[in-house]
Amino acid sequence: MPELPEVETVMRGLRPSLEGSILKKVTQRRDNLRFPLPENMAARLTGRKVEQLKRRAKYVLAHLDDEMVLFFHLGMSGRVTILQGDKRPPLGTHDHIIFETDSGDEIRYCDPRRFGMMDLVHVNDLESHKAFKDLGPEPLGNTFNGPDFFARIKSKKTNIKATILDQRVVAGIGNIYACEALHLSGISPERQAQSLTMAEADFLVVTIRDVLNKAIEAGGSSLRDYVQASGELGYFQHSWSVYGREGEACRRCAREFDGKDDTQFLIERIQQNGRSTFYCPTCQR
DNA sequence: CGGGGACCCTGCCCGC
DNA sequence: TGCGGGCAGGGTCCCC
C-alpha cells in the first residue's frame, strides 16, 4: 500500500511522538526484514535523541543526535502504530520492532510480508546508500518538471506506466498512483514513453503532482482520527478514479459524455511488467 | 546499457 | 470446512 502520500502521512504522524524525543527502549524481535537489520540496532539506538524526521521517496528517515540516520521502508505490507497512555494491546506475530520514547509513547513497526527494510547509517553515507543512490527526483520538488521529465523519457522504449513506476525516473510513485495519474492525464499506459509529446510529458508531470498532493491532503485529514482511534498510520480510505475499478464505468468518460449512456465506457485491467494496470481504453489514448 | 521476468513473504479471497 | 490458486499498494537481482 504505502506509496509516497502514505509514507508522507506516516512521517507526519510520527513527528509529534518522535521529534525531540529520546529513544528510551528499543526492542528488536527478529534479525531481518527484507535485509538483515543493523548489528546491535537496539543498543545503538537506545538513549539517542531524534532530531528530525524526513521523507525521501518511500522512505522515512530519522536523523539522530549522533550523526546517524535511522530509516525504513514499509514494503507492501508495512504499518506503523503509535500507542499512548494505557492502551497497549498485546504484540502481534509481525510486530518486529518497538520503540519507546522518554515521553511514554510506543511505536510499533509491523510488516507481515517483510518486504520492508530498516537501516542505520552515518549521515555522510546516506546519499551513497544502495537505497538512495539511484533515486530520481522527488515528484513534488522543483527538479521534477516538464522539460527534465521529457528529457529523461525521450529515448525510453518501455511503456509509460512502467516508466513512471521506475524509481530512477521519478521517486515515490507506486502502482495505484501510476494508474491514477495516467487516467487523469488521458494517456494510455501502453504508450511507449518516448512517444509522448512535450505537452503530454508536461501535463503528466502536473497530474502526478496533483494526484499525490490530493492524496496527502486526504491522508492528513484522516490522520487525526486515525492517531486518536487506533494509532495506526498510513492506511486511509480513498476512492480511486481507476485503480481497482475493473468493469465499472469510467468517471472521466461519464463527465465528458454527460447525458449519454456511460456504461459503455468501462475500466479495463491488463498486466504490464507483472503488475495490474487499470485504465480506460476510451479516454486514455 | 535497457527491459522483462523471477523472486522474496504472508494473508486473504475465491472457486471447487 | 478444507485446500489450491491467484492476487496484493514493494524493490532487487539476474539474464537476455
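Residue numbers begin at 1 in each chain, while the letters A, B, ... track the order of the sequences.
- For A:Arg191, the side chain to side chain donor-acceptor pair (under 3.5 Å) partners at least two apart in sequence or on another chain are A:Ser195, A:Glu200.
- Salt bridge absent: A:Asp148 and A:Arg152 never bring a charged side-chain N and a carboxylate O closer than 4.0 Å.
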Listing time: all N or O pairs from protein to nucleotides 13-16 of chain C that are below 3.5 Å?
none

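- B:dC9 sits 16 Å from C:dC14 when the P atoms are compared, rounded to a whole Å.
- Shown here is A:Asn124, whose CG atom has more than 12 heavy atoms of other residues, nucleotides or ligands within 6.0 Å.
- A:Lys58 and A:Glu3 are not joined by a salt bridge, as no carboxylate oxygen comes within less than 4.0 angstrom of a charged side-chain nitrogen.
- Between the CZ atom of A:Phe72 and the C1' atom of C:dG11 there is a distance of 17 Å, rounded to whole Å.
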With a cut-off of 3.5 Å and sequence neighbours excluded, list every side-chain donor-acceptor pair involving residues 38-47 of chain A.
residue: A:Arg44; atom: NH1; partner: A:Glu39; partner atom: O; Å: 2.9
residue: A:Thr46; atom: OG1; partner: A:Ala42; partner atom: O; Å: 2.6

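- Rounded to an integer number of Å, the gap from A:Asp134 CG to C:dG11 C1' is 12 Å.
- Remark: A:Lys130 is positioned above the aromatic ring of A:Phe35, its terminal NZ or CZ atom under 6.0 angstrom from the ring centre and at most 45 degrees off the axis.
- Straight-line distance from the CG atom of A:Leu135 to the C1' atom of C:dG11: 11 Å, rounded to whole Å.
- Each of A:Leu61, A:Leu14, A:Val10 was checked for a side chain to side chain contact (heavy atoms under 4.5 Å, CB included) with A:Leu53, and the lone residue meeting it is A:Leu14.
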- Item | Protein-to-nucleotide contact annotation, 5' to 3' order, nucleotides 3-10 of chain B [B base; S sugar-phosphate only; - none; under 4.0 Å, heavy atom] | SS---BBB
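- Residue A:Met118 contributes atom CE, which lies 16 Å from atom C1' of C:dG11 at whole-angstrom precision.
- Whole-Å rounding puts the A:Phe278 CZ to C:dC7 C1' distance at 10 Å.
- The residue among A:Ala131 and A:Ser276 whose nearest nucleotide of DNA chain C lies closer to the 5′ end is A:Ser276.
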- Query: For DNA chain C, what string of dots and brackets results from 5' to 3' when Watson-Crick and G-U pairs need both distances under 3.5 Å, crossing pairs get [ ], and pairs with another strand get |?
  - Reply: .|||||||.|||||||
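- One can place CD1 of A:Ile176 at 12 Å from C1' of C:dG10, the figure rounded to the nearest angstrom.
- In this structure, the side chains of A:Leu91 and A:Thr27 stay at 4.5 Å or more apart for every pair of heavy atoms.
- The stretch residues 129-172 of chain A participates, sequence neighbours left out, in these ring-ring contact (aromatic ring centres under 6.0 Å, His included) pairs: A:Tyr59-A:Phe132, A:Phe71-A:His129, A:Phe71-A:Phe132, A:Phe144-A:Phe149.
- If you measure from atom CG of A:Leu165 to atom C1' of C:dG11, you get 11 Å, rounded to the nearest angstrom.
- In this structure, the separation between OH on A:Tyr243 and OG1 on A:Thr277 is 9.5 Å, given to the nearest 0.5 Å.
- Salt-bridge formation is detected for the pair A:Asp66/A:Arg48: a Lys NZ or Arg NE/NH1/NH2 atom is positioned less than 4.0 Å from an Asp or Glu carboxylate oxygen.
- Following rounding to the nearest Å, A:Phe71 (CZ) and C:dG11 (P) show an atom-to-atom distance of 13 Å.
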